[in-house]
Amino acid sequence: MLHGKTLHIDTQAPSEMAVAVLKALASGPRWRILQYLASGGRSINEVADALELPPSTAAAHIKVLEEAGLIYSELQAATHGLQKICTRTYDNVSIQLPYAPPTSSNSVEVAMPIGAYAAFEARPTCGLASSTGLIGYLDDPLSFYEPERIHAGLLWFRSGFVEYVFPNRLPPSARLLSLQFSVEICSEAPLYNPQWPSDITVWINGCEIGTWTCPADFGGQRGALTPSWWDDKDTQYGLLKRWLVNLENTCIDGRPLSNVTIGELGIEQQRVITVRLGVKHDALHTGGINIFGQSFGNYPQDLLLRLEYLPGRRGET
């Protein structure tokens, strides 16, 4: 189980380092070298012997990994002179895949802590946790009223909802093209369960935009950001999901979800935008929900709302 440092790569605007890391990982032998070095530092000859590679080949692969920053090396005393000891720099690599860039449109984004909900209904199992410990008591819905909830990095419930109120930052003269909402989530099972479906629904301004069935409550490997005090046997991370409502329909991660369009949400007429996530009491799969903030899981973000628009008078076609 991995507990070390995490390297985060955003491929939307890749740096030279990001390109070098991705190239370094595009090799079976280099993957095997990184796996072998998980248990600690080794010499080039040890790497070559363990992986049955010629020393020159092992050295060439290690050089590529060094240049990408995935391995660091130092000289240590050996029986005859010095030897090069190679150590893995990171235990996790998190890659943010690119999304479609805007063309001639503009956009505004608003981030919201997961504990900053304006309304909720939570049925056990339920609870909240911060980077330092539990908030309130386990399976007590009253804990969702605790003032410390604003610092939550993880919250969960079996059924119910949490609702957030975002300020509407759409400029007065803008024509709204789309709304994107993203969050890291998964199902809520006792401890964790790789086969635990849950029907998770999202509403925008009271309009149900669609239901997505999460396949599991993920665990068995520590989340890249999950704090050390959190038990290994519990939920560790979720999936980063993106809902997009545009002029034609609603999609989740680029796949059609419903026929709801941006015009049906009434955003241009409202000063705020409400976003509700929940699991209906009568859902086919009432498998609960875990919502991850920037201090838990695999993605360093809270809730993110993005509006894309074109300059011009509202209502223009």
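Keep in mind the model is a prediction, meaning the values are calculated, not measured.
Among the candidates L244, L177, I204, L176, the single residue satisfying the side chain to side chain contact (heavy atoms under 4.5 Å, CB included) test with I262 is L176. Partner of M112 under the side chain to side chain contact (heavy atoms under 4.5 Å, CB included) criterion, out of V165, D302, L303, L305: L303 alone. Considering V183, I273, I114, V272 as possible partners of Y164, the one that fulfils the side chain to side chain contact (heavy atoms under 4.5 Å, CB included) test is I114.
Listed for the S27 side chain is no donor-acceptor partner under 3.5 Å among the backbone atoms of A24. A donor-acceptor contact shorter than 3.5 Å links the side chain of W230 to the backbone of T235. Checking side-chain atoms of T125 against main-chain N and O of A189 turns up no donor-acceptor pair under 3.5 Å. Judged by distance alone, the side chain of R149 and the main-chain N or O of G115 form a donor-acceptor pair under 3.5 Å. Without hydrogens or angle criteria, N205 side chain to C207 main chain gives no donor-acceptor distance under 3.5 Å. In this structure, the side chain of E74 does not engage the main chain of Y72 through any donor-acceptor pair within 3.5 Å. Distance alone, capped at 3.5 Å, places no donor-acceptor pair between the T261 side chain and the N249 backbone. Not a single donor-acceptor pair under 3.5 Å links the side chain of S187 to the backbone N or O of G288. At least one donor-acceptor pair under 3.5 Å links the side chain of E184 to the backbone N or O of N298. Although no hydrogens or angles enter the test, the distance criterion places a donor-acceptor pair under 3.5 Å between the side chain of W229 and the main chain of S131.
Scored by the salt bridge (charged side-chain N to carboxylate O under 4.0 Å, His left out) test, D282 finds no partners at all (sequence neighbours excluded). Every residue two or more places apart in sequence or in another chain that forms a side-chain hydrogen bond (donor to acceptor under 3.5 Å, both in side chains) with E121 is listed here: H281. In this structure, the ring pair (Phe, Tyr, Trp, His ring centres under 6.0 Å) partners of F120, at least two apart in sequence or on a different chain, are Y117, F144, Y145. In this structure D253 satisfies the salt bridge (charged side-chain N to carboxylate O under 4.0 Å, His left out) test together with K241, sequence neighbours excluded. The side chain to side chain contact (heavy atoms under 4.5 Å, CB included) search around P54 returns S56, T57, not counting sequence neighbours. Contacts of F292 classified as ring pair (Phe, Tyr, Trp, His ring centres under 6.0 Å), with partners at least two apart in sequence or in another chain: none. For F181, the ring pair (Phe, Tyr, Trp, His ring centres under 6.0 Å) partners two or more places apart in sequence, or in a different chain, are W243. Partners of E248 under the salt bridge (charged side-chain N to carboxylate O under 4.0 Å, His left out) rule, at least two apart in sequence or in another chain, do not exist in this structure. For R276, the salt bridge (charged side-chain N to carboxylate O under 4.0 Å, His left out) partners are E163, not counting sequence neighbours. For Y237, the ring pair (Phe, Tyr, Trp, His ring centres under 6.0 Å) test picks out F218, with sequence neighbours left out.
Residues E146 and S143 have side chains that never bring a donor and an acceptor to within less than 3.5 angstrom of each other. Between the side chains of D199 and T213, at least one donor N or O lies within less than 3.5 Å of an accepting N or O. Checking T201 against T211 by side-chain atom types alone, a donor-acceptor pair falls below 3.5 Å. Of the N and O atoms on the side chains of N290 and E188, at least one donor lies less than 3.5 Å from an acceptor on the other residue.
Nearest heavy atom pair, residue T226 against residue Q236, reads OG1-O, 2.9 Å. Of all heavy-atom pairs spanning L37 and C86, the tightest one is CD2-O, 3.6 Å. Shown here for I135 and A129, the closest heavy-atom pair between the two residues is CD1-C, 4.1 Å. The two residues R222 and P227 have their closest heavy-atom pair at NH2-O, 2.6 Å. Residues G69 and Y90 come closest through the heavy atom pair O-CE1, 3.5 Å.
With rounding to the nearest 0.5 angstrom, the CZ atom of R175 is 11.5 Å from the CD atom of E308. Expressed to the nearest 0.5 Å, how far SG of C251 lies from CG of N246 amounts to 6.0 Å. Separating the OG atom in S178 from the CG atom in L307 is a distance of 8.0 Å, to the nearest 0.5 Å. To the nearest 0.5 angstrom, Q221 atom CD is 10.0 Å from D91 atom CG. The CG atom of D217 sits 9.0 Å away from the CH2 atom of W196 when rounded to the nearest 0.5 Å. Rounded to the nearest 0.5 Å, atoms CG (N106) and OH (Y309) are 4.5 Å apart.
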side-chain contact (heavy atoms from CB on, under 4.5 Å) between L179 and I267, worked out: CA-CA 9 Å; L179 175 150; I267 291 173; 3.4 Å; yes
Pair Q294-Y299, side-chain contact (heavy atoms from CB on, under 4.5 Å): steps then yes or no: CA-CA 7 Å; Q294 60 181 343; Y299 300 92; over 6 Å; no
side-chain contact (heavy atoms from CB on, under 4.5 Å) assessment of E148 paired with S130: CA-CA 9 Å; E148 292 82 5; S130 72; over 6 Å; no
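Chaining together hydrophobic side chains whose heavy atoms lie under 4.5 Å apart leaves Y192 on its own.
Inter-residue side-chain proximity for L138 and D140 is flagged as unmet; no heavy-atom pair is nearer than 4.5 Å. Under the 4.5 Å side-chain criterion, counting only non-hydrogen atoms from C-beta, L239 is not in contact with I185. You'll find the side chain of E66 reaches within 4.5 Å of the side chain of S73, heavy atoms only. Residues C186 and C214 meet the side-chain proximity criterion, which asks for heavy atoms closer than 4.5 Å.
With a 6.0 Å radius and a threshold of 12 heavy atoms from other residues, nucleotides or ligands, Q35 has its CD atom at or below the threshold. At most 12 non-hydrogen atoms from other residues, nucleotides or ligands lie less than 6.0 angstrom from CH2 of W31.
In this structure, F161 has its ring center at least 6.0 angstrom away from the ring center of W203.
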Side-chain donor-acceptor pairs of residues 38-47 under 3.5 Å, sequence neighbours excluded:
residue: S39; atom: OG; partner: Y36; partner atom: O; Å: 3.4
residue: S39; atom: OG; partner: R42; partner atom: NH2; Å: 3.4
residue: S43; atom: OG; partner: E46; partner atom: N; Å: 3.1
residue: S43; atom: OG; partner: E46; partner atom: OE1; Å: 3.3
residue: E46; atom: OE1; partner: S43; partner atom: N; Å: 2.9

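By the rule that hydrophobic residues join a cluster once side-chain heavy atoms approach within less than 4.5 Å of another member, V245 and V110 end up as members of one cluster. No chain of hydrophobic side-chain contacts below 4.5 Å, direct or via other Ile, Leu, Val, Met, Phe, Trp or Tyr residues, connects L304 to I289.
K23 has no carboxylate O lying under 4.0 Å from a charged side-chain N of E67, or vice versa, which leaves the two without a salt bridge.
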